[in-house]
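Notes for the one structure printed next.
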Protein chains: 2
Amino acid sequence: MNEIEKDRGPKFRRRAEARPDEVLDAALALFIEKGFAATRVEDIAKRAGLSKGAVYLYFPSKEAVLEALVRRAIVPIADSALQTLHDYEGDPRIVIGLVLNMLAARLSDPRILAMPKLIFREVLGFPELAQMYRREVIDRVIPAVEGLIRRGIDQGYLRQVDPSLTIRSIIGPLLLHVAMAELFGIMPEGGLHLDKLVDNHLSILFDGLSAPPSAKTWSAS
Amino acid sequence: MNEIEKDRGPKFRRRAEARPDEVLDAALALFIEKGFAATRVEDIAKRAGLSKGAVYLYFPSKEAVLEALVRRAIVPIADSALQTLHDYEGDPRIVIGLVLNMLAARLSDPRILAMPKLIFREVLGFPELAQMYRREVIDRVIPAVEGLIRRGIDQGYLRQVDPSLTIRSIIGPLLLHVAMAELFGIMPEGGLHLDKLVDNHLSILFDGLSAPPSAKTWSAS
DNA sequence: AGGTAATAACTGACCGGACGGTCATTTGCA
DNA sequence: TGCAAATGACCGTCCGGTCAGTTATTACCT
């Protein structure tokens, strides 16, 4: 009798099947506010307009919620960076500038800004998160950037530097800026001003902190 | 009669009154290994050769242990940095080099290396730790470094940069290097090689990543 | 249309075990 | 004997995860 019904795929749904995303949104807000450990699954459920049990209909564990959350936020960013890295051929400084400015733009969304904090806090106690982040982000981005720097040196755009270590000099300042703001509330007057940070950093990164030896050649504004 | 002994301070003790420090040592080892939340007070006690109750003879709470731990490790470092910052007058690049190399040397002790990770992990859920760290470190070091940079600019050693934002460019790479190693095990072959990182970073920080416009002036080895 | 059966979606009381902190009791030293 | 030092059983609480039961939605039948 019901054989006909069977093949009709998903038949109905009390509310949309956007549920998993709603749960992730709620969890993100609470994780940002109180951290992973201090957030109860029931709080997530309440905020998403569900009961605790329903959360476990969509995610096998609290940790799985965190992992899904992080993946949803960062994978698109990594993809975007990789895209830029691949697309351009010439002066690597241009690519570095593009990527850093892209990052700055993305980080102006508080949902994204909170990611470094979350990841830092939880990777130690949650190996699966660490593995996911390595696989999805680090292990894809690092080789690309190393290659970029290496090519930049070969083609005479950059000085002889250690490509691997130089990655730290490129993105470290961004991380520190976010960390200071997120963990201690230390930031420039009136906001993060990530664009200004990137400007200042790029000028140092490319041209150095030292004043030109004698003559005032050209001061970038 | 025993008055002579008495004024020697603590009269007796089933074992020495080095106890608090022993507890801190044990706690540090475990916090490094498993993190703060995952470490039970009883584990700390066992490792220090005490019972759980005895820990509460010396510290009012588990959190107090962490705070004491962090303070013991970082305050001497901050003091040392401040000292250097105060002592030298001329080229700020020399001071920056000294401080960064001092930091690199200190961080080669795993007990110190673990501090950034611990602090990052726990500040969110432990406001007192955040306040302590701000008071003891950040609020003392930042003004000193800003002053150094400002003077460096005024005296013609450095280009016009934003002193406050430039701090991120100076120490951010160090932090990222430590974070990558501690959180993901990503580091150069055979160790952190913090000295190499600092060398590479300082050359970029001072002279920039760009190759000299035309002539090969002087390449540092 | 109205009734009914089938079932997806959801609920919330409950369980189990972990763990920070307490305190009555014991131990060791003078 | 007196008392500081140290113990460890115990308590209260918290919370992730489960599951038997309930509700909402649809398909089908008359």
Side-chain angles (χ1 to χ4, degrees), chain A residues 1-24 26-27 30-31 33-69 122 125-126 128-129, chain B residues 1-24 26-27 30-31 33-69 122 125-126 128-129:
Chain A
M1 300 269 177
N2 339 25
E3 319 231 335
I4 302 155
E5 304 179 13
K6 244 179 186 168
D7 65 354
R8 283 196 65 248
K11 315 173 193 183
F12 66 94
R13 205 155 263 102
R14 195 157 317 172
R15 289 187 52 195
E17 63 141 17
R19 268 286 139 85
D21 258 306
E22 291 171 15
V23 172
L24 292 185
L30 290 166
F31 290 168
E33 192 179 320
K34 321 195 295 180
F36 177 78
T39 299
R40 280 165 304 176
V41 174
E42 191 154 3
D43 294 340
I44 300 173
K46 191 162 294 175
R47 185 167 186 132
L50 275 75
S51 69
K52 178 159 70 153
V55 172
Y56 287 92
L57 256 29
Y58 300 109
F59 299 94
S61 71
K62 189 187 176 189
E63 294 191 340
V65 174
L66 176 61
E67 187 179 334
L69 196 72
E122 311 303 341
F126 184 6
E128 300 207 353
L129 179 63
Chain B
M1 305 289 162
N2 340 24
E3 320 234 334
I4 302 153
E5 303 180 12
K6 239 181 188 168
D7 65 357
R8 287 188 58 249
K11 322 168 193 181
F12 69 94
R13 205 155 261 107
R14 206 158 305 178
R15 291 187 51 194
E17 66 137 15
R19 271 286 141 84
D21 258 306
E22 292 171 13
V23 172
L24 292 185
L30 290 166
F31 289 168
E33 192 179 319
K34 320 194 297 179
F36 176 78
T39 298
R40 279 165 304 174
V41 175
E42 189 153 5
D43 294 339
I44 300 174
K46 191 160 293 176
R47 184 165 185 133
L50 277 74
S51 67
K52 178 159 71 153
V55 171
Y56 286 92
L57 256 30
Y58 300 110
F59 298 94
S61 71
K62 188 187 176 189
E63 295 192 339
V65 174
L66 175 61
E67 187 179 334
L69 195 73
E122 310 303 341
F126 185 4
E128 301 207 352
L129 179 64

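Chain letters run A, B, ... following the sequence lines, proteins first and then strands; every chain starts at 1.
- For Leu50(A), the listed nucleotide lying nearest its side chain is dT11(C); candidates were dC19(C), dT11(C), dA6(D).
- Tyr58(B) has a side-chain polar atom (N or O) that falls below the 4.0 Å cut-off from OP1 or OP2 of dA6(D).
- For Leu57(A), the side-chain atoms get nearest to dT11(C) when compared with the rest of dT11(C), dG21(C), dA6(D).
- For Lys52(B) and dG20(C), a side-chain-to-base donor-acceptor distance below 3.5 Å is present, hydrogens and geometry of angles not being considered.
- Of the side-chain N and O atoms in Tyr56(B), none sit less than 4.0 angstrom from OP1 or OP2 of dT7(D).
- Regarding Ile44(A), its CD1 atom lies at a distance of 16 Å from the P atom of dC10(C), rounded to whole Å.
- Judged by distance alone, the side chain of Lys52(B) and the main-chain N or O of Arg40(B) form no donor-acceptor pair under 3.5 Å.
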Intermediate values then yes/no, side-chain contact (heavy atoms from CB on, under 4.5 Å), Glu128(B) and Glu67(B): CA-CA 8 Å; Glu128(B) 301 207 352; Glu67(B) 187 179 334; 3.6 Å; yes

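- The side chain of Ser51(A) lies closest to dG12(C), out of dG17(D), dT7(D), dG12(C).
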Between Val65(A) and Tyr58(A), is a side-chain contact (heavy atoms from CB on, under 4.5 Å) present by the stated rule, with each step listed? CA-CA 9 Å; Val65(A) 174; Tyr58(A) 300 109; over 6 Å; no

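- Per the geometry, CG belonging to Leu66(A) stands 13 Å off P belonging to dG16(D), to the nearest Å.
- What separates CD of Glu63(B) from P of dG20(C) is a distance of 11 Å, to the nearest Å.
- Position along DNA chain D of the nearest nucleotide to Gly53(A) versus Phe36(A) favours Phe36(A) as the more 5'-ward residue.
- The CZ atom of Arg19(A) sits 10.0 Å away from atom CG of Leu57(A), with the distance rounded to the nearest 0.5 Å.
- The shortest distance between the side-chain N/O atoms of Arg40(A) and the OP1/OP2 oxygens of dG17(D) is not below 4.0 Å.
- The nearest heavy atom of DNA chain C to Glu42(A) and to Val41(B) marks one nucleotide each, and the one closer to the 5' end goes with Glu42(A).
- Separating the CZ atom of Phe59(A) from the P atom of dT18(D) is a distance of 15 Å, rounded to the nearest angstrom.
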